[in-house]
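The block underneath contains the structure these notes are about, expressed in structure tokens.
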Amino acid sequence: MRLSKFFLPTLKETPADAAIASHQLMLRAGMMRQESAGIYSWLPLGFRVLKKVEQIVREEQDRAGAIEMLMPTIQPAELWRESGRYDDYGDEMLRIRDRHDRELLYGPTNEEMLTSIFRNFCKSYKELPKLLYHIQWKFRDERRPRFGVMRGREFLMKDTYSFDLTEEDAIKSYNKMFVAYLNTFARMGLKAFPMKAETGPIGGDLSHEFIILAENGESEVFCHRDLLEIPAPGLDVDFNGDLQGIVDERTALYAATEDVHDAEAFAAIPDDKKVSARGIEVGQVFYFGTKYSEPMKAKVSHPQNGEVPVHMGSYGIGVSRIVGGLIEAFNDDAGIIWPRSVAPFDVGILSMRPGDDATDAACEDVYCKLKAAGLDPLYDDTKSSAGAKFSQMDLIGLPDQIIIGPRGLKQGVVEVKDRASGERVELSTDDAVAEIIRRHSQAVL
RNA sequence: CGGGGAGUGGCGCAGCUUGGUAGCGCAUCUGGUUUGGGACCAGAGGGUCGCAGGUUCAAAUCCUGUCUCCCCGACCA
């Protein structure tokens, strides 16, 4: 993409309404624009990151055996009366009436709808287990939206729902999602730790939140330091095999959010292993048994016992929230520093002097070769000053930059800069291209 | 929802106390000079001061109402 053709409205000054780094940087980097409290337009740069995050989530769901589908944003109130949550959900639920005065709502989650779909089509234990998911916009009318996309009212979420015959089988589904989450976050360069969590309005008795540590985290978390050292299981894990060991290893050590914190258990941890920090929740897994299948009559025929309600779980990942979380985790004074797997472009090409024949030719050459190699470069071919280009490129945080100008070209070199470390090396154009390709071939997992 | 704060060109802000017909920086446009860390000079365009009422000869400024946004708290992906 040529910057002259792209839409990248970056801001030099920090907008007054934004209080934390991720919110400020998303606005400054031209990633989004606020339309109303907690509601945002995703501008092209932000949209690219959102799509990258979404795609990683999708790939890891598919790998774990979950099946993708799509349910609507608007749901009938009827469904929620069945589960009893229409009244329970309160003002967080955005209620709507259509022209026929029918009661609708903008979905805050989809347990009811998928339970209803399941019961309609699945009548036998032979259909089980099932793991179904979708990635859809949701709305929760928060009393106080804040922190940009980290706590918006409208948000993109992946939610998976599991259906099993027994609790024992349901735990296996739970474990699949647990393991898939570890890999999902690791692929984004995030260190997300499973912590015991409250089950909240979704209900149930087994739940973990996946937390990334960040200074501006919404909640206080406590855990054993060794938990932070356990690597992700890796993409070669067998989802049809026994995952209990992987889960046990990561749930044996103390880790809890403030809501379920056990001061006594925490006190038992050696002082040098105690971690007390702030965290951002990026995902949560729940097992809630027959909480919805019972009242909504989602039953299957059992081999021996007639009809039984299915055991269910639900598993969410806050896709849009992660974009903010990533920036909280990866930024410096100059701006954002994207992990390669989620960067909006793979590399920036900065022309120090557009219009200079040698510079133009070298830029075109590098741009074409990177594209031919399957990379996605952003070529700053605009006429703005060198300093402005450096600042803007640092701000939007592409992992690598290739700086091309007459000064270097006289010596036969261009400059390759690593955004994260700031380290620069001078290379020939071909070596620079090779170096960028090399850096991008190193996957996180 | 309780407490606090703010709405003035695209962005960041001043002006309001003590009413007199709107200003600064950035951005934008034109011309010229520049050209490797947010360039310089000259000129230009752009705002009925959130909205509605009221007071007054006169309201961004004073009064009333209302909407919106932000921060702290409680609550939550």
Under 4.0 angstrom, heavy atoms only, what part of the nucleic acid is A/Ala388 near: base, sugar-phosphate, or nothing?
base

Once you apply a heavy-atom cut-off of 4.0 Å, does A/Gly405 come out as touching a base, just sugar-phosphate, or nothing?
base

Who pairs with A/His261 by side chain to side chain donor-acceptor pair (under 3.5 Å), at least two apart in sequence or on another chain?
A/Tyr254

If pairing requires Watson-Crick or G-U wobble contacts with both distances under 3.5 Å, which nucleotide is the partner of B/rU30?
B/rA42

Taking only nitrogen or oxygen atoms into account, show me every contact under 3.5 Å that the protein makes with nucleotides 31-33 of chain B, one pair per line with its distance.
none

Show which side-chain atoms of residues 69-79 of chain A pair as donor or acceptor with protein atoms under 3.5 Å away, not counting sequence neighbours.
from    : atom 1 : to       : atom 2 : distance (Å)
A/Gln75 : OE1    : A/Trp80  : NE1    : 2.7
A/Gln75 : NE2    : A/Thr109 : O      : 3.1

Protein-to-nucleotide contact annotation, 5' to 3' order, nucleotides 66-72 of chain B [B base; S sugar-phosphate only; - none; under 4.0 Å, heavy atom]
---SSBB

Look at the side chain of A/Glu13 and the base of B/rG25, then say whether one donor and one acceptor between them are separated by less than 3.5 Å.
yes

Side-chain heavy-atom pair A/Lys191, A/Leu228 within 4.5 angstrom cut-off
no

Which part of the nucleic acid does A/Arg28 contact within heavy-atom distance under 4.0 Å: base, sugar-phosphate only, or nothing?
base

Under 4.0 Å between any heavy atoms, over every strand shown, what does A/Arg321 touch: base, sugar-phosphate, or nothing? Just pick one.
base

Which part of the nucleic acid does A/Gly408 contact within heavy-atom distance under 4.0 Å: base, sugar-phosphate only, or nothing?
base

For A/Lys383, which contact category applies under a 4.0 Å heavy-atom criterion: base, sugar-phosphate, or nothing?
nothing

Whichever of A/Glu258 and A/Leu395 has its nearest RNA chain B nucleotide further upstream toward 5':
A/Leu395

Is A/Arg2 close to A/Tyr379 at the side-chain level, that is, under 4.5 Å between some pair of heavy atoms?
yes

Over 60° means perpendicular and under 30° means parallel, so tell me whether A/Tyr287 and A/His311 are parallel, tilted or perpendicular.
parallel

Hey, is A/Glu218 close enough to A/Arg321 for a salt bridge, meaning N to O under 4.0 Å?
yes

Those residues at least two apart in sequence (or on a different chain) that pass side chain to side chain donor-acceptor pair (under 3.5 Å) with A/Glu209 are none

Any strand, both distances under 3.5 Å, Watson-Crick or G-U wobble: B/rG25 pairs with B/rC11

Is there a Watson-Crick or G-U wobble partner for B/rC1 with both distances under 3.5 Å, and if so, which one is it?
B/rG73

Measure the distance between the ring centre of A/Phe155 and the centre of the six-membered base ring of B/rA77, then answer whether it is under 5.5 Å with planes under 30°.
yes

Partner nucleotide, any strand, of B/rC49 [Watson-Crick/G-U, under 3.5 Å]
none

Remember a base hit wins even if backbone is also touched, and classify A/Thr14 as base, sugar-phosphate or nothing at under 4.0 Å, heavy atoms.
sugar-phosphate

Reckon A/Gly387 touches a base, only the sugar-phosphate, or nothing at all at heavy-atom distances under 4.0 Å?
sugar-phosphate

Integer-rounded Å distance: B/rG10 P and A/Lys12 NZ
19 Å

Under a 4.0 Å threshold between the charged nitrogen and the carboxylate oxygen, would A/Asp394 count as salt-bridged to A/Lys417?
yes

From CD of A/Glu111 across to P of B/rA77 the rounded distance in Å is 11 Å

Can you label the angle between the A/Phe6 ring and the A/Phe345 ring as parallel, tilted or perpendicular, going by 30° and 60°?
perpendicular

Give the rounded distance in Å between these two atoms: CG of A/Asp91 and C1' of B/rC76.
14 Å

Decide yes or no for A/Arg63 and A/Asn183: does some side-chain heavy atom of the first lie under 4.5 Å from some side-chain heavy atom of the second?
no

State, without any angle test, whether A/Gln61 and A/Tyr315 hold a side-chain donor-acceptor pair at a distance under 3.5 Å.
no

Go through B/rA27, B/rA74, B/rA77 for me and flag the one nearest to the A/Arg143 side chain.
B/rA74

Please state how far atom CG in A/Asp259 lies from atom P in B/rA74, giving the value in whole angstrom units.
11 Å

If you define the side chain from C-beta out and look only at heavy atoms, does anything of A/Trp42 sit under 4.5 Å from A/Val323?
yes

Cation over ring face, A/Arg85 and A/Tyr292, 6.0 Å, 45°:
no

Pairs: protein N or O with nucleotides 49-52 of chain B N or O, under 3.5 Å:
none

Within the structure shown, what part of the strands sits under 4.0 Å from A/Asp394 by heavy-atom distance: base, sugar-phosphate, or nothing?
base

Indicate, with a heavy-atom threshold strictly under 4.0 Å, whether A/Leu350 touches base, sugar-phosphate, or nothing.
nothing

